Every structure is written in C-alpha cells, then in structure tokens.
Chemist: 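One structure is given below, represented as structure tokens, and several questions about it will come after.
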Amino acid sequence: MTESQPPAAPTRTDGAKTPAESRRASRAAFIGTLLEYYDFSLYAAAASVVFASVFFSGSSPFLGTLQAVGTFAVGFLVRPIGGVILGSLGDRIGRKRILVLTLVLMGAATLLVGLLPSYEQIGWLAPALLVFLRILQGIGASAEYGGATLVAVEFAPERKRGLLGSLPGMGSALGGVLGSSALLAVSAVLSKEAFLDWGWRIPFLLSGIILAYGLWLRRSLPETPEFRRIEGAAQTSKTPVRDVIRQQPRALITVMVMAIGMTGIGYFYLVFMGTFGRNQLGLDQTQVLVGLIAAQLANAALIPVFGGLSDRLGRRPVIMFGFVYSALFAWLAFYLLSNHSTPTVFCLVLAFGNGVGVAAIFGPMGAYVTELFDTKHAYSGLGLGRETGNALGAAIVPVVAVPLAFHDTTIWLSMLLCGIALLGLVAAAFSRVRSESSTEPNRSEAPVPV
C-alpha cells in the first residue's frame, strides 16, 4: 500500500458492504459529479466570455462567438454515445474501473484546456484541440453521474439509499456554483487584459486539486457489493445494452422521459432564465449571476433533504411531488416576474423553482433509477436512458423557449414549463421498479397504487 492511497477498508466477499466502504463510496461519488459540473459550468462561462478571442481570433467577432459556443454543444452530442459505451463496460468489467476512467477523462481534459496554446500561437490547431478536449470531457461526463449513483446506492445501507444516492446530485449543484464562482472571482481580481491573456486559465488548472482527491478516493475503493455478487455467480451480461433494450424497455423509456422532464425544468431556470432576466426584465449581469448562484445553492441544500425523505415516504411520491410542484409553480413564477420584475423576485423565483422543484426530483432520482434496472445492465440502462433524455431536454428548452419569450405575454412560457413537468410526471406515474428488489418503502412495505 503506497502513501498516495487511503488505507483500504475491510471488504466482505459475500456481496455485503461495510460502513467504511459505504462512507468512502459516498465521498467518491460526490467528488466525481462535483468535478463534472465544475468543468461544465466553467467551460460554459469561458465559452461565452473568453474562448472567442483566445481560440477563434481568426474569425469575425460574431463567427468566433458562435464557434466558441458550438464547442460547448459538442460535449452534449457525444454524451449519449459515451454513456452507452462506458455504461456497457461498467456492466461487464465493473463500476470502479469505469469511474476511475471517467474522472481521469474529465479532469485531464479540463487541465489541458487550461494549458492549451492560443490561436495566435499555433493557429487552427488551437480550436481543433479545444474541440477534441471538449469531446473527451463529454465522454467522461456521460458515464460519471450514472456510475457515481450506482456506486453510492450499491454500497449504501438499504434504509439510506435515497439519502446517499442523492449525493451525486448535490455534488453536481455545488460543482456548478464553484465553476461559475471561480471564473467570476478571477475576472474580478485581474484586469481585463490579464484575465484574457492568462487569468482565465487559473480555474481550469485548479480542477487538478479535485481530480487528485477524487483519484485518491476511487483507486482504493473496492468493487460494489451488487457487482461482486453477480460476478461471483457468473451472471454478468456480455451484451448489456442489447439486454436492457430487450428485457426492460419500459424502464429505459421511463428514465429517458423523466430525464427530459427534469433536465428541461433545470435548464429552463439555469440557462434560459438568465437570458430572460437580461433581455426581458432588464437586469444586469451581476443580478442575473446572483440569481443563478442562489438557484444552485438552494438546489444543493435541498437535494439530500428530498433524497432522505424518499427513504421514509418512497421514491416515486417525492419525485411526483417535484413534477407537480414545478407545473404549478410555473404559473406563479411568471405572474410574479410580470408584476414585480425586481432582482429580489428574480432571485426568489430561481431559488424556489430550481431549489424546490428540481431538487425534489433530483434527490430521489439517483436511488430510484438504479432500482428500476436489473443489476446486470443497470449501468447501461442509466447511460442510455439518462444521457439521451438529458440531451433532448437540453435541446428542447432553448429551441422552444427563446421564440416564446418575444411574445407579449408570458403565458406561453408558463405553458412550456408546465408541459415539461407534466411529461415527467406521467413517466414517473407509470414507472415500475424491478420486482425482486426490496429496497424501496413504496413497494416492499406499503405499495402505492398508480
């Protein structure tokens, strides 16, 4: 055992888990999604304010901005593909190896972006390398949340699966805050020239600290008890993607549609509402940023609350509450913004919309989606279903919401947000966990009629 690794916890060979393993698994799951969304928010902010002048300076200002934002979108396009490939490997060779791989892909790509020469230094090779690194980020991120959730849930005690399965979601929310805040802090300290010249690289290089700590945790983590059990019984699947499509199409569609609903609502508040606040409400950049940070902090604080609540009430009732709340709050949100378009109201709308509605869905979602699939193809089901749904949800909001924002009334925006929430609600209402599991209160103790 080297000094660079934490001491390995005692491992049970009968498919059970020890308390030490459960604690380390929770930390390892949390830190990976924190890095994922630190990268995500940092890259999104840098693509908007930095990359056009650094990597696309050979183009016109408009074309350079379009190309910079386009590199951000590339990461979403490859995520369903990466989710299928890495998810399949996770079901065949184990969760731990793939989680180490996803962390290295995301962290190394982010570090290298911070070291990448500019267009003035190496010409067209600079944007080409930027796109390549963005693809690596997208592939790594595609299997990070699914794998982190599986590890957290499969190591968790049965009565804490909702709480511990929510930690990857909490990590993603905090990672988003850290990424945006890091770039903002550097830009506030340095002059504009210094920031564009070298200062923007600092937050990218700082991701190495998160990467090092995550690897320290994950390298010594044993394989999950559930995977050890099926591997020991020679029950692993050689074709998990094909098996999950053939054997559990209902679960696959459920996860996909629920992901569309959850991602659509989340991106509505965190992406579209930023543009709406500036263009329609007349708020400045700082006021909008404060609202977005408040939304993510509220989300991070409430995700474990709703995750823990699902251990007592059941996953599906809490998730359905989140969708119903989001559908109803859509009308209140735009009523308030239409009549009281102040920075305080804007901040509260984002905090209650993303903090309560999305958190109520996201908190129990980690445990619930793992309980929908058989262990032998759970990673593949999560990768294919969730990443496809996320890509569609991220595409639906900007394409539909932006034109609606230019109408004289906000009723169309309320209808869009309400419709997305109802779509997720229908999927949750008709979902069914696998019958052989006994980890959820609403199906092992007090079945909830649909």
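These figures come from a predicted structure and were not determined experimentally. Residues take their numbers from the sequence shown, with the count starting at 1.
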Chemist: Is the F352 to Y269 ring centre distance short of 6.0 Å?
Modeler: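 Centroid distance F352-Y269: not below 6.0 Å, so no.
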Chemist: Is the closest side-chain heavy-atom distance between I293 and V290 below 4.5 Å?
Modeler: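 Of all side-chain heavy-atom pairs linking V290 with I293, none is under 4.5 Å.
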Chemist: Side chains of V131 and R134: closer than 4.5 Å at any heavy-atom pair?
Modeler: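 With C-beta onward as the side chain, the pair stays apart.
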Chemist: Sub-3.5 Å donor-acceptor pair from the side chain of T239 to the main-chain atoms of R242, do we have one?
Modeler: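 Checked: no pair found.
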Chemist: At what distance, to the nearest 0.5 angstrom, does CZ of F155 lie from CZ of R23?
Modeler: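 Going from CZ on F155 over to CZ on R23, the span is 12.5 Å.
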Chemist: Can you tell me how far NZ of K376 sits from CZ of R229, rounded to the nearest 0.5 angstrom?
Modeler: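 So the gap between those two atoms works out to 11.0 Å.
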Chemist: Check whether more than 12 heavy atoms from other residues, nucleotides or ligands sit under 6.0 Å from atom CZ of R27, and answer yes or no.
Modeler: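 More than 12 heavy atoms, drawn from other residues, nucleotides or ligands, come within 6.0 Å of this atom.
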Chemist: If only atom types and distance count, is the side chain of T342 paired as donor or acceptor with the main-chain N or O of V345 below 3.5 Å?
Modeler: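 At least one qualifying donor-acceptor pair exists.
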Chemist: Stepwise, does the side-chain contact (heavy atoms from CB on, under 4.5 Å) test hold for L115 with L205?
Modeler: CA-CA 8 Å; L115 298 172; L205 299 178; 3.8 Å; yes
Chemist: Within the structure provided, determine whether T254 and M258 are in side-chain contact (heavy-atom separation under 4.5 Å).
Modeler: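 A side-chain contact exists here, since the closest heavy-atom pair is under 4.5 Å.
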Chemist: Quick one, F346 and L336 - any side-chain contact, counting heavy atoms below 4.5 Å?
Modeler: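 With C-beta onward as the side chain, the pair stays apart.
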Chemist: Going by an N to O cut-off under 4.0 Å, is there a salt bridge joining R79 and E387?
Modeler: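 Yes, charged N to carboxylate O under 4.0 Å.
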Chemist: R97 versus E223: any side-chain heavy-atom pair under 4.5 Å?
Modeler: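 With C-beta onward as the side chain, the pair stays apart.
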Chemist: Using side chain to side chain contact (heavy atoms under 4.5 Å, CB included) as the criterion, point out the one residue from V113, V186, L190 that pairs with W200.
Modeler: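 Of the listed residues V113, V186, L190, the side chain to side chain contact (heavy atoms under 4.5 Å, CB included) partner of W200 is V113.
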Chemist: Within this structure, what is the CD1-CZ distance for the pair I319 and F362, rounded to the nearest 0.5 Å?
Modeler: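 Output value for this atom pair is 11.0 Å.
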Chemist: With a 3.5 Å distance limit and no angle check, can you tell me whether S181 reaches the backbone of L178 through a side-chain donor-acceptor pair?
Modeler: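 No, the answer is negative, given that no donor and acceptor are paired below the 3.5 Å cut-off.
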Chemist: To check you understand the geometry: which heavy-atom pair defines the closest contact between A333 and V349, and what is its length?
Modeler: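 Nearest pair, atom of A333 first, then V349: CB-CG1, 3.7 Å.
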Chemist: Pair L129, I122 - check side-chain contact (heavy atoms from CB on, under 4.5 Å), show working.
Modeler: CA-CA 10 Å; L129 289 173; I122 60 174; 4.2 Å; yes
Chemist: Between T263 and G393 (side chain of the first, backbone of the second, donor and acceptor by atom type, cut-off under 3.5 Å), is there such a pair?
Modeler: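 Absent.
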Chemist: Can you confirm whether V153 sits close enough to L164 that some side-chain heavy atom of one is under 4.5 Å from a side-chain heavy atom of the other?
Modeler: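 When only atoms from C-beta onward are counted, L164 and V153 do not touch, as no gap falls below 4.5 Å.
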Chemist: Whether the Y38 and T110 side chains hold a donor-acceptor pair (N or O, under 3.5 Å, no angle test) is what I'd like checked.
Modeler: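 Distance-only check fails for Y38 and T110.
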Chemist: From L297 CG over to L302 CG, what is the distance, rounded to the nearest 0.5 angstrom?
Modeler: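 Answer rounded to 0.5 Å: 11.0 Å.
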Chemist: Could you tell me whether a side-chain N or O of T388 sits under 3.5 Å from a main-chain N or O of G385, the two making a donor and an acceptor?
Modeler: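 Absent.
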Chemist: Just by modelled atom types, is the L221 backbone N or O under 3.5 Å from a matching donor or acceptor in the K96 side chain?
Modeler: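 Yes, because the side chain of K96 sits within donor-acceptor range (under 3.5 Å) of the backbone of L221.
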Chemist: Please check if the side chain of S207 supplies one atom and the backbone of F204 the other of a donor-acceptor pair under 3.5 Å.
Modeler: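 Yes, because the side chain of S207 sits within donor-acceptor range (under 3.5 Å) of the backbone of F204.
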Chemist: With a 4.5 Å cut-off on side-chain heavy atoms, are V54 and Y119 touching?
Modeler: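 They are not in contact (no side-chain heavy atoms under 4.5 Å apart), so the answer is no.
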Chemist: When rounded to the nearest 0.5 angstrom, what is the spacing between CD in E226 and OG1 in T375?
Modeler: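 Output value for this atom pair is 4.5 Å.
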Chemist: Measure from the side-chain N and O atoms of T102 to the backbone N and O of L99, and report whether any donor-acceptor pair falls under 3.5 Å.
Modeler: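 Flag set: sc T102 to bb L99 pair under 3.5 Å.
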Chemist: List the steps, then state whether side-chain contact (heavy atoms from CB on, under 4.5 Å) holds for F30 with L217.
Modeler: CA-CA 11 Å; F30 171 84; L217 284 174; over 6 Å; no
Chemist: Using a 3.5 Å distance criterion without hydrogens, assess whether the side chain of S142 forms a donor-acceptor pair with backbone atoms of G83.
Modeler: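 Here the side-chain-to-backbone pair exists.
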Chemist: Which pair of heavy atoms, one from F373 and one from L382, lies closest together, and at what distance?
Modeler: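 Heavy atoms only, the tightest pair is CE1-N, 4.0 Å.
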Chemist: Is it the case that the side chain of D91 and the backbone of Y379 share a donor-acceptor pair, with hydrogens and angles ignored and the cut-off at 3.5 Å?
Modeler: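 Flag set: sc D91 to bb Y379 pair under 3.5 Å.
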Chemist: Looking at every heavy atom in both S326 and A421, which two are closest together, and how far apart are they?
Modeler: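 Looking at all heavy atoms of both residues, the closest pair is CB-CB, 4.0 Å.
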Chemist: Scan R386, R95, R218 and name whichever one has a salt bridge (Lys or Arg N to Asp or Glu O under 4.0 Å) with E144.
Modeler: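 When salt bridge (Lys or Arg N to Asp or Glu O under 4.0 Å) is applied between E144 and each of R386, R95, R218, only R218 qualifies.
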Chemist: What heavy-atom pair brings N299 and A359 nearest, and what distance separates the two atoms?
Modeler: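 Shortest heavy-atom separation between N299 and A359 comes out as ND2-N, 3.5 Å.
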Chemist: Which pair of heavy atoms, one from T33 and one from P168, lies closest together, and at what distance?
Modeler: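 Taking every non-hydrogen atom into account, OG1-O, 2.7 Å.
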Chemist: Nearest 0.5 Å please: distance from the CZ atom of F306 over to the CD1 atom of I303.
Modeler: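 Taking CZ in F306 and CD1 in I303, the distance rounds to 10.0 Å.
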Chemist: Would you sort out whether M273 and L337 count as a side-chain contact (heavy atoms from CB on, under 4.5 Å), showing the intermediate values?
Modeler: CA-CA 11 Å; M273 286 299 288; L337 291 173; 3.4 Å; yes
Chemist: Would you check, one step at a time, whether the test ring-ring contact (aromatic ring centres under 6.0 Å, His included) holds for Y145 with Y37?
Modeler: CA-CA 10 Å; Y145 175 82; Y37 278 83; 8.2 Å; no
Chemist: Please give me the minimum heavy-atom distance between I31 and G214, naming the atom from each residue.
Modeler: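 Closest approach of I31 to G214, heavy atoms only: CG2-CA, 3.6 Å.
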Chemist: Does CZ belonging to R92 count more than 12 external heavy atoms closer than 6.0 Å?
Modeler: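 No.
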